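Please read all numbers here as calculations on a predicted model, not as lab measurements. All heavy atoms count here, side chains included; hydrogens, waters and symmetry mates do not.
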Amino acid sequence: VAADDSHALSANADYTAQRSDPIHHDVDLRVIVTPPYGCQVLKVWLPIPQSDFAQQVGENTFSTFPQDIEPQIASENVYGNRFAYFEFHHPQGAQVIRHQFRAKVWNLHWHVDPESVATVGQWPDEFQSYLQTQSLKDADEFEKTLKQIVPHSQGAAADMRRVMQWIDEHLQYDHANASLQSDASHALAQRRGHCSDYHGLCATLGQALGHPSRVTYGLALFPKNSPSHCKMESYLPPYGWVSFDVSETQKL
């Protein structure tokens, strides 16, 4: 299926998934930052969850201890992520940032039919940041691996299915040996890592194949060792952004 109408493609469109089973969570997040000895100014950026089709986030409340700091709220201009920025002057010991909010989240199901996923000849400019791959330490090995996984493109749905299957078969979940940075080079070289490494490599492979992909971060609202979690999303028209959990967490 070809998608000739680029006007129907939007990188900022809401999810088209079917929502079900809404759950409310009262989130009380504590961040403890210990500055290095002799630090004059400690600068901290804290991401702020935003409301969208998948989640509704209530008012954000911030407090700090022992210094009482009022954060500045701003957005970065590449992806539109919002942050609370804190400056602690002459900090003495650890500083605690408390972030409280109420969230309503839904289970999402896209009911994707691979045969219905359209092929896009030319992506609009707004997708270029989602088609730009990471800088890779071993570009030759990456290209070799990419050719092994997808010798010939068969469209976004089939290509990404092969990529995710390869990731699942060749990577081992390892929270100790992890980059903590969604590092495709780490995942490719070590063949291990945690959720961000799985999804960082998966998204980078998708981008190299010409399929807009990204890693989305947030809180895992189910029991696991770490409260943080991420997923990989690919833009599959006409479904838009479709979310996948490729790491070990999917087996929950």
Taking all non-hydrogen atoms of both residues into account, name the closest pair between [X] and [Y] and its distance.
X    : Y    : value
H199 : C230 : CE1-O, 3.1 Å
A11  : E126 : N-OE1, 2.8 Å
S182 : Q134 : O-NE2, 2.7 Å
D197 : A187 : O-CB, 3.5 Å
Y235 : A8   : OH-O, 4.3 Å
Q181 : S196 : N-OG, 3.9 Å

[X] with [Y], same ILVMFWY side-chain cluster at under 4.5 Å:
X    : Y    : answer
F101 : V96  : no
F244 : V150 : yes
I73  : V31  : yes
L180 : V246 : no
Y173 : W166 : yes

Give, for atom [atom1] of [X] and atom [atom2] of [Y], the distance between the pair rounded to the nearest 0.5 Å.
X    : Y    : atom1 : atom2 : answer
F62  : Q100 : CZ    : CD    : 10.5 Å
L108 : K231 : CG    : NZ    : 7.0 Å
H111 : Q18  : NE2   : CD    : 4.0 Å
Q154 : T119 : CD    : OG1   : 11.0 Å
S185 : Q190 : OG    : CD    : 11.0 Å
K43  : E87  : NZ    : CD    : 5.5 Å

Would you mind reporting whether [Y] and [X] have side-chain heavy atoms less than 4.5 Å apart?
X    : Y    : value
Y85  : L46  : no
L205 : I149 : yes
R162 : P151 : yes
P49  : N60  : yes
H24  : R102 : yes
K104 : I23  : no

(request) Applying side-chain contact (heavy atoms from CB on, under 4.5 Å), run through L42 and Q95 and close with a yes or a no. (result) CA-CA 9 Å; L42 174 65; Q95 304 295 317; 4.1 Å; yes

(message) Looking at R161 and D159, is there a salt bridge between them, counting it only when a charged N and a carboxylate O are closer than 4.0 Å?
(response)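 The answer is no: the pair does not qualify as a salt bridge.
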
(message) Less than 4.0 angstrom from a charged side-chain N to a carboxylate O is my criterion; do D28 and R98 meet it?
(response)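 Salt bridge: yes.
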
(request) Before giving the answer on side-chain contact (heavy atoms from CB on, under 4.5 Å), spell out for L201 and L171 the whole-Å C-alpha distance, their side-chain angles and the decisive distance to 0.1 Å. (result) CA-CA 10 Å; L201 178 56; L171 266 63; 4.3 Å; yes

(request) Could you label the plane-to-plane angle of the H194 and H175 rings as parallel, tilted or perpendicular, counting under 30° as parallel and over 60° as perpendicular? (result)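 Rings of H194 and H175: tilted, 30 to 60°.
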
(message) Run H89 and Q40 through side chain to side chain donor-acceptor pair (under 3.5 Å) and show every step you take.
(response) CA-CA 6 Å; H89 290 265; Q40 298 300 306; over 6 Å; no

(request) Before giving the answer on side-chain contact (heavy atoms from CB on, under 4.5 Å), spell out for C202 and M164 the whole-Å C-alpha distance, their side-chain angles and the decisive distance to 0.1 Å. (result) CA-CA 7 Å; C202 192; M164 289 185 279; 3.6 Å; yes

Aromatic contact between [X] and [Y], with the criterion being ring centroids under 6.0 Å apart: yes or no?
X    : Y    : value
Y15  : Y239 : no
F53  : W106 : no
F83  : W45  : no
Y130 : W241 : yes

Report, as yes or no, whether the 6.0 Å neighbourhood of atom [atom1] on [X] holds more than 12 heavy atoms from other residues, nucleotides or ligands.
X    : atom1 : result
E59  : CD    : no
Q72  : CD    : no
F65  : CZ    : no
D113 : CG    : yes

For [Y], does its backbone N or O pair with a side-chain atom of [X] as donor and acceptor, under 3.5 Å?
X    : Y    : result
Q67  : F88  : no
H186 : N177 : yes
S51  : V57  : yes
Q50  : Q56  : no
T133 : Q207 : no
Q128 : L131 : no
S213 : H211 : yes

(message) Quick one, T145 with E141, criterion side-chain contact (heavy atoms from CB on, under 4.5 Å). Give me CA distance, side-chain angles, the key distance, then yes/no.
(response) CA-CA 6 Å; T145 302; E141 177 64 21; 3.5 Å; yes

(message) As a quick check of understanding, evaluate side chain to side chain donor-acceptor pair (under 3.5 Å) for S247 and D245, giving each step before the final call.
(response) CA-CA 6 Å; S247 72; D245 190 344; 3.3 Å; yes

